Peer 1: 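Dumping the structure here so I can ask a few things about it.
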Amino acid sequence: MTNPTNKTTTTKKVRLFNPSKPKKIDKGKYKKLMKQSDDGYVLYRNMVFFLYDKENVNEEIEYYMRFICSKFLITDCYYLEGNEGYSKLIDMRIYDNKGEFNDIVGIPFDAISQKGIDKLQNRGFTYNPKQVNEVISLIIGQLMSLEKKKVSRSPGWRKLSDGAFSFVGYDSNTYRGFSKLSISNVITKENTWRQISAEEHATIVNPLIEKVVSLQMFVSMSLSSALIGYLNVADVTHLNTPIAHIYGNSSTGKTTALILSASMWGKPQANTGLLNSWNATPAKIQANLANNNGVLFTLNEFGSVMDKKDLTELVYNIAEGTGRDRMYNKNPTIDTWNTFVLSCGETSLFDVLDRNKGLYARVIEFPNIQITTSAEHADKIKETANSTYGAIGLAFVNFIVDNQKFVVSKYREHSHRIRNLISTFSSISSRVANYIAVIYLAAEIAQDVLGLKINCKDVEAMLIEYHKKTLIEYPSWVVNHEKLMSYVLANRASFVNSSYITNAQGYEEKDKILFMEVSFKDICKKLDIDRTTFLEELKAHGVLDCLPDRYYKRKVVNGTSSKFYCIYKALNAFKVNVLPLSTNSSRKPAQPAVNELNLIEKEELMSYELYS
């Protein structure tokens with residue numbers, strides 16, 4: 001075979017990468033290359049070849065080099081934390097045929113096979129298919145010299161075996177996840193680069209937020225994600241994932257607020273995982289949220305991008321902090337998270353979704369709120385957020401690590417104070433008080449410790465004002481229905497759509513949950529629900545699918561007929577008595593008799609005007 005490198009035709013050059021037979025070389029080149037080789041392998045013209053000699057029929061020695069693959073380097077080997085423990089992965093640095101860096105590819109260790117290597121061709125890797133075993137041997141050979149380390153794919157708080165707490169996300173040696181936390185650099189007088197400090201970060205951000213309470217509030221929400229994650233992991237309290245949704249006309253600064261909030265943790269770009277979109281599948285959004293214990297999660301561009309039912313379930317799952325059950329080795333596992341979600345769009349969440357009282361305890365909406373003062377103000381925020389980021393988030397986390405008892409004490413203090421302040425507004429206000437307390441504490445730490453110009457009292461007042469605007473009162477049976485559906489979501493593995501799970505408490509159909517009789521009694525007792533009264537109310541409103549003179553239906557499961565309480569999951573098809581809060585009083589009005597309430601169809605409720 002002639003040496004294609006001495007030819008100019010493209011066809012000859014391509015044949016070098018897929019040779020039908022080894023390339024013959026002279027003895028001088030063979031000896032020269034052998035001095036550079038490792039066990040016969042040599043890097044020649046940015047490609048890996050294998051050198052060997054053999055005796056021909058005339059008893060003369062001939063020398064050959066056989067193309068193996070293009071240049072590569074295994075840069076890292078790590079065990080990535082997942083639902084089943086840890087999976088082994090490697091990072092492979094790929095070069096093109098000019099020796100220039102092309103890409104870094106993450107490869108599962110069990111994908112180092114002929115099929116797995118073949119897929120690397122899509123990432124610029126070239127190899128000889130006849131020598132795939134040697135390619136694999138070369139990869140494994142490089143792996144032998146690397147130190148293996150454990151890394152996490154989930155950002156936020158972890159409880160260590162010694163009882164201490166650590167925050168994962170900023171160190172690439174311990175974290176390889178979706179949300180890329182990072183700190184911007186500044187150039188020094190010595191013309192070198194260093195990371196920006198939290199003090200410098202605050203000094204740059206302050207002129208942008210000091211006269212705008214809404215921006216102060218959204219920055220506080222961003223930092224509160226770390227408090228929510230810590231308080232849950234430390235078992236101080238269990239807070240679901242609150243959602244703050246900004247909606248209204250364009251050019252009010254909604255997306256700008258998300259960008260500035262995300263910049264507390266890293267560069268707020270779409271490809272960093274810190275600036276996300278509703279324009280994704282529910283499974284994708286929940287997968288990106290999985291096991292996030294303390295890093296802000298943003299969702300931009302809310303609208304009718306998916307089926308209403310799927311959207312309702314997605315929002316409820318996000319707020320509940322639990323995803324769909326997924327199968328690993330035939331065992332159902334459920335992703336969880338505890339953080340803060342900041343969302344924006346031109347439409348209200350409540351106007352688009354099936355209304356559920358549970359959402360009012362977890363979602364605060366901010367309609368038509370003017371966030372930026374001018375177009376120049378918005379441009380300045382975006383410019384600053386993309387050049388100065390990350391330091392405040394890390395400093396906030398470090399303060400929690402060093403002052404855990406103080407943080408817990410102040411959270412309890414503010415939670416008690418705010419609960420006393422707003423608990424009379426509504427039956428859900430006590431739960432909302434916990435979220436307002438954690439945002440207030442974040443604002444307090446940001447102001448007193450990090451030097452951000454945030455007026456904590458103004459932030460608290462704005463949160464309470466907008467909470468009051470979203471309040472609405474429901475009858476007790478609706479509240480209990482919401483509690484029951486929350487229980488199902490939190491225990492999804494026990495409510496399946498097939499009968500192979502032995503510890504099932506019930507089964508899920510398209511529009512109903514089928515509760516086993518014994519399990520339903522236990523659940524009602526656990527949730528403090530009067531079972532008989534509850535079933536009567538459900539039946540009266542058509543929410544219970546049952547026999548005419550009974551509260552249950554019989555279903556055949558595994559060949560046995562059993563009693564089931566069949567309860568519809570959504571209330572959008574049923575009439576619900578709704579009592580808006582008084583517009584003239586901050587206190588909850590006396591509960592009138594049922595016949596004095598306005599009976600409102602669900603469709604009317606979708607556009608119901610809510611006032612404080």
Side-chain angles (χ1 to χ4, degrees), residues 1-54 61-78 80 88-149 151 172-173 176 271:
M1 175 178 171
T2 57
N3 187 345
T5 57
N6 296 329
K7 302 291 183 179
T8 57
T9 61
T10 304
T11 304
K12 294 290 184 180
K13 285 186 177 181
V14 171
R15 287 187 64 199
L16 175 63
F17 297 99
N18 298 280
S20 58
K21 60 182 180 179
K23 169 180 166 47
K24 187 175 181 180
I25 56 176
D26 59 48
K27 183 176 181 179
K29 177 175 284 191
Y30 174 81
K31 288 185 175 182
K32 182 178 179 180
L33 292 175
M34 278 297 289
K35 291 180 180 180
Q36 310 168 25
S37 71
D38 182 13
D39 296 330
Y41 293 96
V42 64
L43 187 66
Y44 175 68
R45 293 187 177 179
N46 302 306
M47 292 165 281
V48 178
F49 288 86
F50 180 72
L51 305 174
Y52 67 97
D53 60 73
K54 68 177 183 178
I61 303 297
E62 295 179 337
Y63 304 94
Y64 295 89
M65 58 190 299
R66 185 171 65 245
F67 171 67
I68 305 298
C69 61
S70 55
K71 178 183 175 181
F72 70 92
L73 179 65
I74 305 301
T75 59
D76 227 341
C77 178
Y78 50 94
L80 188 62
K88 191 174 181 181
L89 288 92
I90 64 173
D91 282 349
M92 183 174 180
R93 193 179 183 97
I94 296 174
Y95 298 82
D96 62 19
N97 58 6
K98 295 180 180 179
E100 296 177 357
F101 168 65
N102 187 35
D103 199 1
I104 291 183
V105 182
I107 310 171
F109 189 78
D110 56 10
I112 303 176
S113 61
Q114 180 162 358
K115 186 176 180 180
I117 299 299
D118 188 55
K119 291 181 179 179
L120 290 177
Q121 291 186 100
N122 297 329
R123 305 295 290 271
F125 183 69
T126 308
Y127 75 101
N128 184 349
K130 294 182 179 180
Q131 313 300 329
V132 66
N133 290 333
E134 293 181 273
V135 175
I136 293 173
S137 296
L138 287 169
I139 293 174
I140 294 175
Q142 290 193 26
L143 281 174
M144 299 300 289
S145 61
L146 292 176
E147 178 186 357
K148 282 71 175 177
K149 54 192 178 185
V151 299
S172 61
N173 289 320
R176 301 290 182 88
N271 61 354

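The residues of the chain are indexed from 1 along the displayed sequence. Since we're looking at a predicted model, the values are computed, not measured.
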Peer 1: Tell me whether the NZ or CZ atom of Lys27 lies within the 45° cone about the ring axis of Tyr63 and under 6.0 Å from its centre.
Peer 2: no

Peer 1: Report yes or no: is the cationic atom of Arg93 (NZ for Lys, CZ for Arg) under 6.0 Å from the centre of the six-membered ring of Phe101, at an angle within 45° of the ring normal?
Peer 2: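 Yes - Arg93 lies over the ring of Phe101, closer than 6.0 Å to its centre and within 45° of its axis.
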
Peer 1: Any side-chain to backbone donor/acceptor pair from Asp91 onto Thr75? Under 3.5 Å, distance only.
Peer 2: no

Peer 1: Are Phe49 and Ile68 side-chain neighbours, meaning at least one heavy-atom pair lies under 4.5 Å?
Peer 2: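 Of all side-chain heavy-atom pairs linking Ile68 with Phe49, none is under 4.5 Å.
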
Peer 1: Give me the atom names and distance for the closest heavy-atom approach of Ser37 to Val42.
Peer 2: CB-CB, 4.2 Å

Peer 1: Restricting to ring-ring contact (aromatic ring centres under 6.0 Å, His included), what partner residues turn up for Tyr52, sequence neighbours left out?
Peer 2: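 Partners of Tyr52 under the ring-ring contact (aromatic ring centres under 6.0 Å, His included) test: Tyr64.
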
Peer 1: Taking Tyr127 as the fixed residue, which of Val135, Val48, Ile136 is the one that meets the side chain to side chain contact (heavy atoms under 4.5 Å, CB included) rule?
Peer 2: Val135

Peer 1: Which residues satisfy the ring-ring contact (aromatic ring centres under 6.0 Å, His included) test with Tyr41, sequence neighbours excluded?
Peer 2: Phe50

Peer 1: Could you tell me whether the side chain of Ile112 reaches within less than 4.5 Å of the side chain of Leu143, counting heavy atoms only?
Peer 2: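 When only atoms from C-beta onward are counted, Ile112 and Leu143 do touch, with a gap below 4.5 Å.
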
Peer 1: Considering residues at least two apart in sequence or located in another chain, which fulfil the side-chain hydrogen bond (donor to acceptor under 3.5 Å, both in side chains) criterion with Gln36?
Peer 2: none

Peer 1: Ile139 vs Phe72, test: side chain to side chain contact (heavy atoms under 4.5 Å, CB included). Steps then yes/no.
Peer 2: CA-CA 9 Å; Ile139 293 174; Phe72 70 92; 3.8 Å; yes

Peer 1: Under a 3.5 Å distance rule, please check whether Ser70 uses its side chain to pair with a backbone N or O of Thr126 as donor and acceptor.
Peer 2: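 Here the side-chain-to-backbone pair exists.
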
Peer 1: Compare every heavy atom of Ile104 with every heavy atom of Arg123, then report the nearest pair and how far apart it is.
Peer 2: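 That closest heavy-atom pairing would be NH2-O, 3.9 Å.
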
Peer 1: Do you know the tightest heavy-atom contact between Leu89 and Pro108?
Peer 2: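 Heavy atoms only, the tightest pair is CG-CA, 4.1 Å.
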
Peer 1: Less than 4.5 Å apart, side chain to side chain, heavy atoms only: is that true for Ile74 and Leu146?
Peer 2: yes

Peer 1: Are Asn46 and Tyr95 close enough that some pair of their side-chain heavy atoms sits under 4.5 Å apart?
Peer 2: no

Peer 1: Does some side-chain heavy atom of Glu147 sit less than 4.5 Å from a side-chain heavy atom of Tyr78?
Peer 2: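 Side chain of Tyr78 against side chain of Glu147, heavy atoms only: no contact under 4.5 Å found.
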
